[in-house]
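Some notes on the structure that comes next.
First the proteins, then the strands, lettered A, B, ... as listed; each starts at 1.
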2 protein chains.
Amino acid sequence: MAVEPKRRAQLVEATIHEIGATGSLNVTVSQIAKRAGVSSALAFHYFGDKEQIFLAAMRSILTVYAAEVRGALTAADGPRARLEGMVRASFSASNFRRDAIAAWLNFYVLARTSDEACRLLSVYQRRLRSNLVHDLRPLAGDAAPALAERLGGLIDGLYLRHALDPATDADGQAAAAQVLTALDHELKALAR
Amino acid sequence: MAVEPKRRAQLVEATIHEIGATGSLNVTVSQIAKRAGVSSALAFHYFGDKEQIFLAAMRSILTVYAAEVRGALTAADGPRARLEGMVRASFSASNFRRDAIAAWLNFYVLARTSDEACRLLSVYQRRLRSNLVHDLRPLAGDAAPALAERLGGLIDGLYLRHALDPATDADGQAAAAQVLTALDHELKALAR
DNA sequence: CGGGTTTGATTGACCCGTCAATCAAGTTTC
DNA sequence: GAAACTTGATTGACGGGTCAATCAAACCCG
């Protein structure tokens, strides 16, 4: 009993790791299963087919991310602090792992062929946007929606750029700082 | 005579188109060849292997883009105008085609496994960055490099976001406007 | 010019490895 | 002992890459 969720978790983690290592979705179920220490048949037993495995991995990453943002939001007070928390969470250590970034990038690709993947990604974007707008409103008023668009785009863009660089690690911080700088400048410009 | 370059061009275009249609690099050489109206063996004859076909497609896109930027730069005068030209070129009709965006996204994925693809992408990023810094310098002084990083990230991010949206077409213009707005706000903030 | 030869263009058929998915049988667990 | 769990073996399809062979145009030589 209760072995099932454990196996599922193992397989999901192995999937993310393997996608990170390969850098693409060209990952065989056997590779995933081997890394998880089980047979490929078991993966099919639990998930049905390969796409479900990928989707489960994607949900896992999104769930972790969402939890991180939620934590940062409740810990902060005032719109500015909340925005900062959001941004920092986006570039936090667990989201900025090499394999997580690679997986993330590949989920964008997956979204082009899988409706469900597209849906999941849309949920992420809508939530990010909604969070940003909510806390930008008191600071930027009517400019909030457009500004949120820019900040969201900047976050995604910096993320994407770090998906390449094989050298840079550890600078989720630098990226987060860039976003916050952009935010400050935008607000300052607005104030005059 | 001169039939070879024609075939190569056909195959390259077919590759981009096919990647755009599939939304991934899971494209068989046969599919590409069929769309180009030749046999798969011919594709291998000219390009050697599949990766070379992809790389040729990538170079093609980058070349078109570079030409467009160059054109915009010579037509503009003054740093501000040149920056605007650069941004507009990035979101111009030929770069913002559905299949070009999809191909672009997938080249990021390819770059994770192909050194040459990674190199090509780096060249693009360096050139963009260098262009931006060059024309930002007179406007932003020492803040130019960091600002260029943000603008470049924003461009990539907006590009990425439009790689998903199946609905949105035609708004290269809107995206370009967002980048220019960000630029204006940044400069205004800098002016204090 | 006109037959013969080289050279590039092009193909269909084929080989071989890989991989998703299945299945029947074995093992654990309660 | 049955239900859940797990596996190795197998299969059927598919795709990259090769090869031997055709085709056509250009080139050469008398």
Side-chain angles (χ1 to χ4, degrees), chain A residues 1-58 103 106-107 109-117, chain B residues 1-58 103 106-107 109-117:
Chain A
M1 41 131 139
V3 54
E4 167 162 357
K6 177 160 55 170
R7 292 281 175 275
R8 291 187 100 102
Q10 285 174 356
L11 283 165
V12 161
E13 190 176 347
T15 303
I16 297 172
H17 207 296
E18 205 65 27
I19 292 178
T22 310
S24 79
L25 296 178
N26 290 336
V27 176
T28 71
V29 178
S30 303
Q31 285 170 23
I32 294 173
K34 179 186 268 186
R35 186 181 290 263
V38 300
S39 82
S40 69
L42 191 66
F44 285 106
H45 172 65
Y46 280 132
F47 290 96
D49 66 11
K50 200 184 179 182
E51 179 169 329
Q52 294 306 314
I53 302 179
F54 283 154
L55 289 176
M58 198 169 159
N106 279 283
F107 291 153
V109 173
L110 183 62
R112 307 252 329 168
T113 54
S114 159
D115 286 353
E116 180 64 5
Chain B
M1 11 53 202
V3 53
E4 167 162 356
K6 177 159 56 169
R7 292 283 174 273
R8 291 187 100 102
Q10 285 174 358
L11 283 166
V12 162
E13 190 176 348
T15 303
I16 297 172
H17 207 296
E18 205 64 26
I19 292 178
T22 311
S24 79
L25 296 178
N26 288 338
V27 177
T28 71
V29 177
S30 303
Q31 284 170 25
I32 295 174
K34 179 185 267 187
R35 187 183 290 263
V38 299
S39 81
S40 71
L42 191 65
F44 284 110
H45 173 64
Y46 280 134
F47 290 96
D49 65 10
K50 198 182 179 182
E51 179 170 327
Q52 294 306 313
I53 302 180
F54 283 154
L55 290 176
M58 198 169 158
N106 280 284
F107 291 152
V109 173
L110 183 61
R112 307 252 330 167
T113 54
S114 159
D115 286 353
E116 180 64 5

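Rounded to the nearest 0.5 angstrom, A/T15 OG1 and A/E18 CD are separated by 8.5 Å.
With a 6.0 Å radius and a threshold of 12 heavy atoms from other residues, nucleotides or ligands, A/Q31 has its CD atom above the threshold.
Considering only the side chain of A/T28, C/dC19 comes nearest among C/dT11, D/dG15, C/dC19. Nearest nucleotide to the side chain of A/S39, out of C/dA21, C/dT10, D/dT7: D/dT7. Taking only side-chain atoms of A/V38, from C-beta outward, the nucleotide of C/dA21, D/dT7, D/dG16 with the closest atom is D/dT7.
Straight-line distance from the CG atom of A/N26 to the P atom of D/dG15: 13 Å, rounded to whole Å. Atoms CZ (B/F44) and P (C/dC14) sit 18 Å apart, rounded to a whole Å. Atoms NE2 (A/H45) and P (D/dT7) sit 11 Å apart, rounded to a whole Å. Distance, B/F47 CZ to C/dT10 C1': 15 Å, rounded to whole Å. The NZ-C1' distance, from A/K50 to C/dT18, rounds to 11 Å in whole Å. The distance from atom NZ of B/K6 to atom P of C/dT10 is 9 Å, rounded to the nearest whole Å. If you measure from atom CG of B/L42 to atom C1' of D/dA24, you get 15 Å, rounded to the nearest angstrom. The distance from atom CZ of B/R8 to atom C1' of C/dT10 is 15 Å, rounded to the nearest whole Å.
In terms of phosphate contacts, A/R7 brings a side-chain nitrogen or oxygen within less than 4.0 Å of OP1 or OP2 of D/dT6. In this model, the phosphate group of D/dT6 is approached by a side-chain N or O of A/Y46 to a distance below 4.0 Å at OP1 or OP2.
By the 4.5 Å heavy-atom criterion applied to side chains, B/I32 and B/R35 are not counted as neighbours. In this structure, the side chains of B/L55 and B/F47 stay at 4.5 Å or more apart for every pair of heavy atoms.
The residue among A/A41 and A/V27 whose nearest nucleotide of DNA chain C lies closer to the 5′ end is A/V27. The 5' end of DNA chain C is approached more closely, in terms of each residue's nearest nucleotide, by A/Q31 than by the other of A/Q31 and A/G48.
Annotation: cation-pi geometry not satisfied between B/R7 and B/Y46 (NZ/CZ under 6.0 angstrom from ring centroid, within 45° of ring axis).
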